[in-house]
Amino acid sequence: MKSHDEAVIEMLRKDPAMAVDYLRAAFDELDEEGGESAFLVALRHVVEAQGGMAAVAERAKVSRESLYRALSPRGNPTLRTMTAVIKATGIHFHDLTHSPEVATT
């Protein structure tokens with residue numbers, strides 16, 4: 001039986017476009033109790049789905065150890081680290097702070 005984390009990572013691997021919506025939902029709940037750690041877990045899931053800690057750390061130009069610490073449940077990443085990691089996954093902060101455009105017909 002797969003763990004919840006493994007199932008989420010697998011879904012994100014199968015549908016990479018889902019990562020933006022997944023992170024946006026976690027971002028929207030940052031002000032809630034436990035929201036910060038939940039966002040870090042969501043970002044960790046996206047990182048794992050995007051090739052893992054080592055690959056994303058290299059693209060973000062941070063050490064793998066720093067990335068593990070930053071995305072741990074008690075992590076406290078700097079804004080610079082967060083921005084670099086999110087960009088390394090192909091997502092931009094702008095994508096998290098704006099709702100997707102709704103097509104009008």
Starting at CG of Leu43, measure out to OG1 of Thr89 and round the result to the nearest 0.5 Å.
6.5 Å
Separation of Leu23 CG from Ile91 CD1 (nearest 0.5 Å)
4.5 Å
Pairwise side-chain contact, Tyr22 with His45, heavy-atom cut-off 4.5 Å (strictly under)
yes
Can you give each donor-acceptor pair under 3.5 Å made by side-chain atoms of residues 47-64, sequence neighbours left out, with the distance rounded to 0.1 Å?
{"residue": "Arg59", "atom": "NE", "partner": "Ala88", "partner atom": "O", "Å": "2.9"}
{"residue": "Arg59", "atom": "NH2", "partner": "Gln50", "partner atom": "O", "Å": "3.1"}
{"residue": "Arg59", "atom": "NH2", "partner": "Ala88", "partner atom": "O", "Å": "3.2"}
{"residue": "Ser63", "atom": "OG", "partner": "Ser66", "partner atom": "N", "Å": "3.0"}
{"residue": "Ser63", "atom": "OG", "partner": "Ser66", "partner atom": "OG", "Å": "2.8"}

Main-chain N/O of Gly75 paired with Arg69 side-chain donor or acceptor, under 3.5 Å
no
I'd like to know if the side chain of Asp21 and the backbone of Met18 have a donor-acceptor N/O pair within less than 3.5 Å.
no
From Ile86 atom CD1 to Phe27 atom CZ, the distance as rounded to the nearest 0.5 Å
7.5 Å
Identify all side-chain donor-acceptor contacts of residues 76-83 below 3.5 Å with residues at least two apart in sequence or on another chain.
{"residue": "Thr78", "atom": "OG1", "partner": "Thr81", "partner atom": "N", "Å": "3.0"}
{"residue": "Thr78", "atom": "OG1", "partner": "Thr81", "partner atom": "OG1", "Å": "3.0"}
{"residue": "Thr83", "atom": "OG1", "partner": "Leu79", "partner atom": "O", "Å": "2.9"}

Under the salt bridge (charged side-chain N to carboxylate O under 4.0 Å, His left out) criterion, do Glu10 and Lys14 qualify, and how do the steps go?
CA-CA 6 Å; Glu10 186 176 314; Lys14 289 181 179 177; 3.1 Å; yes
Taking CD in Glu33 as the centre, count heavy atoms belonging to other residues, nucleotides or ligands within less than 6.0 Å. Is the count above 12?
no
Given the rule that I, L, V, M, F, W and Y join up when any side-chain heavy atoms are under 4.5 Å apart, are Ile9 and Val41 in one cluster?
no
